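Step one of this worksheet: look at the structure below.
Only a predicted model underlies this, so the values are computations on that prediction, with no experimental measurement involved.
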Amino acid sequence: MDYEVTTTSKLTSDRLATTDACAQAEMVKNGEANALEIVDAAIERIECLNPKINALASTNFDLARDRARNQTHQGPLAGVPTLLKDVLPYPGHPAGFGSQLLDGAPAAAGSPYTEALDSAGLVVLGKSTTSEFGLLGTTETLAKGKTRNPWDL
């Protein structure tokens with residue numbers, strides 16, 4: 001699918017793209033959709049849109065799909081895809097902190113915060129870009145380049 005980054009695009013008509021996390025969790029709970037379907041839909045949107053806006057520092061879709069397939073994860077947001085800022089370490093994902101110095105270095109462990117996300121049932125798809133070490137209000141790093149505004153490229 002060829003999504004455009006505008007409010008009149010096909011993306012806005014995609015039901016999951018306009019459904020919030022609570023509604024997505026309810027869809028999984030009620031069997032209206034399974035976690036893998038919701039995760040795959042989010043991955044499809046990411047693959048289409050990220051080349052235009054450069055919002056992701058890294059992804060690990062295989063890990064996300066494995067988690068979505070794993071029926072042992074529970075929680076109020078079970079199966080809902082999410083992203084973390086690249087200033088948070090998360091197992092299986094690099095912790096680059098927007099820096100060339102750390103770019104690509106895998107996180108050894110998560111944190112109590114990321115453990116809480118896992119307990120809630122969220123499925124981490126990747127890391128969103130950040131300014132170097134999260135110090136600035138804009139994201140234009142040497143490590144990942146410029147992140148564009150999706151509403152005004």
Side-chain angles (χ1 to χ4, degrees), residues 1-98 102-130 134 139 141 143-151 153:
M1 293 181 181
D2 186 29
Y3 296 116
E4 294 294 323
V5 188
T6 66
T7 57
T8 59
S9 73
K10 189 171 184 178
L11 178 60
T12 59
S13 66
D14 176 355
R15 181 174 180 207
L16 292 175
T18 58
T19 303
D20 68 24
C22 293
Q24 288 181 15
E26 192 66 26
M27 291 169 67
V28 171
K29 182 180 175 184
N30 293 337
E32 189 177 340
N34 66 51
L36 185 58
E37 291 170 324
I38 291 175
V39 164
D40 278 341
I43 290 169
E44 183 179 333
R45 289 189 302 277
I46 287 169
E47 288 175 337
C48 181
L49 294 171
N50 196 56
K52 296 172 184 161
I53 60 176
N54 191 40
L56 296 184
S58 65
T59 59
N60 190 332
F61 295 151
D62 291 337
L63 184 63
R65 285 182 171 119
D66 287 345
R67 181 160 168 79
R69 281 186 203 100
N70 181 354
Q71 295 303 309
T72 62
H73 68 278
Q74 300 297 315
L77 297 172
V80 175
T82 193
L83 297 168
L84 298 179
K85 205 69 174 162
D86 193 29
V87 294
L88 294 169
Y90 189 80
H93 292 265
F97 296 86
L102 300 174
D103 193 29
S111 67
Y113 175 75
T114 59
E115 290 169 10
L117 296 177
D118 287 342
S119 293
L122 289 162
V123 178
V124 175
L125 302 177
K127 303 283 220 48
S128 63
T129 56
T130 186
T139 306
T141 66
K144 298 298 175 183
K146 180 179 181 178
T147 298
R148 298 182 166 283
N149 177 344
W151 308 116
L153 298 174

Under a 3.5 Å distance rule, please check whether S119 uses its side chain to pair with a backbone N or O of E115 as donor and acceptor. yes
For the side chain of D86 and the backbone of A57, is there at least one donor-acceptor N/O pair under 3.5 Å apart? no
ring-ring contact (aromatic ring centres under 6.0 Å, His included) partners for Y90, two or more places apart: H93
Looking at K29, I'd like to know if its NZ atom is crowded, meaning that more than 12 non-hydrogen atoms belonging to other residues, nucleotides or ligands lie closer than 6.0 Å. no
Checking R69 side chain against A64 main chain: does a donor-acceptor pair fall under 3.5 Å? no
Using every non-hydrogen atom in the two residues, find where E37 and A33 come nearest and quote the distance to one decimal. OE1-CA, 3.2 Å
Trace of the side chain to side chain contact (heavy atoms under 4.5 Å, CB included) decision for R148 with N54: CA-CA 6 Å; R148 298 182 166 283; N54 191 40; 5.8 Å; no
Quick check for you: to the nearest 0.5 Å, what is the distance between T82 atom OG1 and L122 atom CG? 5.5 Å
Starting from the C-alpha separation in whole Å, work towards a yes-or-no answer on side chain to side chain contact (heavy atoms under 4.5 Å, CB included) for V39 and L125. CA-CA 8 Å; V39 164; L125 302 177; 3.7 Å; yes
If you round to the nearest 0.5 Å, how far is CZ of F97 from OG1 of T130? 9.5 Å
Do D20 and Q24 have a side chain donor and acceptor closer than 3.5 Å? no
Whether the side chain of E47 engages the backbone of E44 through a donor-acceptor N/O pair (distance < 3.5 Å, no angle test) should be reported. no
Taking salt bridge (Lys or Arg N to Asp or Glu O under 4.0 Å) as the test, write out the residues that go with E32, two or more places apart. R15
T129-T147 side chain donor-acceptor pair, cut-off 3.5 Å: yes
Between CD1 of I46 and CG of L83, what distance do you get to the nearest 0.5 Å? 5.0 Å
Over all heavy atoms of both residues, which pair between L84 and T114 is shortest? Give the atoms and the distance, please. CD1-CG2, 4.0 Å
Output yes when a side-chain donor or acceptor of K127 lies under 3.5 Å from a complementary backbone atom of L88, and no otherwise. yes
Is a side-chain N or O of S111 found less than 3.5 angstrom from the main chain of Y113, in a donor-acceptor match? yes
So, the side chain of K146 versus the backbone of T139: is there a donor-acceptor pair under 3.5 Å, distance only? no
NZ-CG distance between K52 and L153, expressed to the nearest 0.5 angstrom: 8.5 Å
Decide side chain to side chain contact (heavy atoms under 4.5 Å, CB included) for N34 and V28; before the verdict, give the C-alpha distance in whole Å, the side-chain angles of both, and the deciding distance to 0.1 Å. CA-CA 5 Å; N34 66 51; V28 171; 5.9 Å; no
Looking only at non-hydrogen atoms, find the nearest pair between A25 and L77 and report the distance. CB-CA, 3.9 Å
